[in-house]
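Letters A, B, ... are given to chains in the order of the sequence lines, protein chains preceding strands, and every chain is numbered from 1.
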Number of protein chains: 2
Amino acid sequence: GKHAKKITEGDLSESIGRHRRTDFIAVVSSATVKTALNKVRESKLPDEVSNKVYITETNGKYLGFVRLSRLLRSQEDASVLDLIEGKGIAVPESEHRETAARKLQRLDISTLPITDSQNRLTGILRFDDAMDILDEEVSDDIYMKAGLSAIHAKDHIRSELLTAGPLRYPIGVRLMFLMVTLAGGLLVGGLVDFFEDTLAAVIALAVFVPLVMDMGGNVGTQSTTIFARGLALGHISLDKFWRKHMIRETVVGLAMAAIISVVAGTIAYFWQGAPNDMPLLGVVVGGALFFSVLTAAILGFLLPYIMLKIGVDHAPGADPFITTIKDFTGLAVYFLLAGSLLGIAA
Amino acid sequence: GKHAKKITEGDLSESIGRHRRTDFIAVVSSATVKTALNKVRESKLPDEVSNKVYITETNGKYLGFVRLSRLLRSQEDASVLDLIEGKGIAVPESEHRETAARKLQRLDISTLPITDSQNRLTGILRFDDAMDILDEEVSDDIYMKAGLSAIHAKDHIRSELLTAGPLRYPIGVRLMFLMVTLAGGLLVGGLVDFFEDTLAAVIALAVFVPLVMDMGGNVGTQSTTIFARGLALGHISLDKFWRKHMIRETVVGLAMAAIISVVAGTIAYFWQGAPNDMPLLGVVVGGALFFSVLTAAILGFLLPYIMLKIGVDHAPGADPFITTIKDFTGLAVYFLLAGSLLGIAA
């Protein structure tokens, strides 16, 4: 159809149309219970797909379904239209497979009809396929986050290759991501190198480098997780991203940043600041953490949002970028604050 | 029963028994197709749970089931035993809910019978409940990894509280985990403090601190992810943990450690080693990364295994421990190597 031509290859691979089963029993809306029961009796389809009869108009337009148990419990001369269930509940072939599978799950139905652009019944999404789809979608995200996404295969094949396949699989796939980590780590190292004089002047600054890095990392992971789950479950809508979700995450980030920076700044003051005659070290550590936590929280929502907007499907792909950005900016602010507040010529 | 008494309260909350539905139609094995069809016609149960008839012995022992569509297609005087499907496929009430849900998924069946210790049919696991169980189990792991597990609620409730609930929820839950991060970061900072003299003598050492930390972190995340997915999908068995999976992960870890340490060591030599007249800096960086990558890979399998063995259900809970252990050991080896190889008095 006209609609199908507009679907790009990328869309197709993720569209529910590819998962439809075409072994289903259908009758037209004028049929009686007797006709429908006979159709089930005479159908050569397997028993497991014969527990429902789908009802369409004569032109194929989908109307609803009737369960075999209901047919059996009804008068033989009754019209199937009087027994109809799930009126008009269907998904178009072009629907994203995760959206369709979530709809089946939300409605607690074992089959979800799939229709074409003219609303004609063309197939069925079955619960078992929906389960596999949801598994794969969640697993894609999990593997992506861990940098294990290079094997383009189903969840269980990927897991099997990683745990029992030839050793070149796990080593190759994992190294690919670790080389990105290497580049990112060296980039952040370059920043430390740039501030070497500041660090040499106040060696105690090195003590809080791990804290600034770890804190930003964990806040960022929390934010991307909340964003990804919220999006999958429909609690985050891209339409309200700026005026609702981004504002909320910023407020949450500000509150966390304030509390963490005061606690950590106080500890830094008493541990390394006061003993080394640098009372402002507490402000430097607190200030860097404030900036780092807030940045990580905002980036944890913003980067996945941008990646979705520009059509990169997998939001968890944002993680490596967040790691490098938050390390870089967090430590930059840390050393810059130190340079200006502690009276060091950088 | 006797068996039920042995189940602890903790087991019960995760056992499939709590998810069983008791609205199902059953006949004894001597029944005919006609008897079974009449039982369905006369049953007051909803249509959606009436598409199968379960077959038991007279003492209640579960034998199998027959589909309504098959009954309809068979001779009325045939025995239901001749039409039986899914012979003996069932799970005990005490089975872990994820194991049961995965079994239903693997078998592609819409209902999985649940039996007591005497093998009597006591209920049914339905596909829709199985979908929710799997969702919750995977989500538990995801939230746990991000330190967002303190809200004990279903996935969608948790996601809603985090994205739309009162601000005290996300702030409180996230801060709890970040305080652990704070403690861990300060602990690693203490280690840096301990090696302050080494660092002061060779300030270039600070350049590779982020790399040692990030590399260990990412390798550890890969390992725990592969372990958790492999366990959930049955590719990792706890029985063969030592002689199969641990050996494999060690070999993979050794290969990755060798490659990464040679690459990073070479870069370190040309970037900071040779220019600063410290050719052995390459060996220090390479050696620390070798140790750090190998440790993170082994810990990524070992800690979740230990937590499962001692009865801590959620393997992802190992992540914060791995972070601190790998940072601590990685940087300790780094500074110790530097102290001995670069001829610095620590």
| message | L104(A) vs M131(B), test: side-chain contact (heavy atoms from CB on, under 4.5 Å). Steps then yes/no. | response | CA-CA 10 Å; L104(A) 179 145; M131(B) 290 181 90; 3.9 Å; yes

Do you know which of [options] has the most heavy-atom pairs under 4.5 Å to chain A?
| options | answer |
| --- | --- |
| V219(B), V49(B), L191(B), L187(B) | V219(B) |
| A164(B), P170(B), A200(B) | A164(B) |
| L199(B), V212(B), V188(B) | L199(B) |
| I203(B), V251(B), L37(B) | I203(B) |

Go through the side-chain N and O atoms of [X] and [Y] and say whether any donor and acceptor fall under 3.5 Å apart.
| X | Y | answer |
| --- | --- | --- |
| T181(B) | N218(A) | yes |
| S50(B) | R73(A) | yes |
| R174(A) | S223(B) | yes |

| field | Reported CG-to-CG distance for the pair L211(A) and D327(B), which is rounded to 0.5 angstrom | value |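 Output value for this atom pair is 11.0 Å.
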
| Rounded distance [0.5 Å steps], CG in L162(B) versus NE2 in H235(A) |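 Reported to 0.5 Å precision, the distance equals 10.0 Å.
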
| Where on I236(B) is there a heavy atom nearer than 4.5 Å to chain A: the side chain, the backbone, both, or neither? | side chain

| query | What part of V138(B) gets closer than 4.5 Å to chain A, counting heavy atoms only: side chain, backbone, both or neither? | reply | side chain

| field | Option in V293(A), D129(A), L167(A) with maximal non-hydrogen atom pairs under 4.5 Å from chain B | value | L167(A)

| message | Just so I understand: if I count every heavy-atom pair under 4.5 Å between each of S43(A), A130(A), A264(A) and chain B, which residue has the most? | response | S43(A)

Measure the shortest side-chain to side-chain distance between [X] and [Y] over non-hydrogen atoms and say whether it is less than 4.5 angstrom.
| X | Y | result |
| --- | --- | --- |
| F127(B) | I109(A) | no |
| V173(B) | Q222(A) | no |
| Q105(A) | D128(B) | no |
| L186(A) | F208(B) | yes |
| W271(B) | D193(A) | yes |
| I259(B) | M179(A) | yes |
| V209(B) | V192(A) | no |
| L68(B) | N51(A) | no |

| query | How would you list, by chain and number, every residue that makes a side-chain hydrogen bond (donor to acceptor under 3.5 Å, both in side chains) with T111(A), sequence neighbours excluded? | reply | K52(A), Y54(A)

| query | Listed by chain and number, what are the side-chain hydrogen bond (donor to acceptor under 3.5 Å, both in side chains) partners of H245(B), not counting sequence neighbours? | reply |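 H245(B) satisfies side-chain hydrogen bond (donor to acceptor under 3.5 Å, both in side chains) with no residue once adjacent residues are dropped.
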
| query | Should the pair R102(A)-D135(B) be classified as a salt bridge under the 4.0 Å nitrogen-to-oxygen rule? | reply |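 Here R102(A) pairs with D135(B) in a salt bridge, since their nearest N and O are under 4.0 Å apart.
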
| Does R67(B) come within less than 4.0 Å of D47(A), counting only side-chain N to carboxylate O? | no

| task | Apply side-chain contact (heavy atoms from CB on, under 4.5 Å) to the pair D108(B) and E48(A), showing each step before the final yes or no. | result | CA-CA 10 Å; D108(B) 287 344; E48(A) 59 265 35; over 6 Å; no

| field | Working for side-chain contact (heavy atoms from CB on, under 4.5 Å), residues Q272(B) and E196(A) | value | CA-CA 12 Å; Q272(B) 297 285 339; E196(A) 205 175 88; 4.1 Å; yes

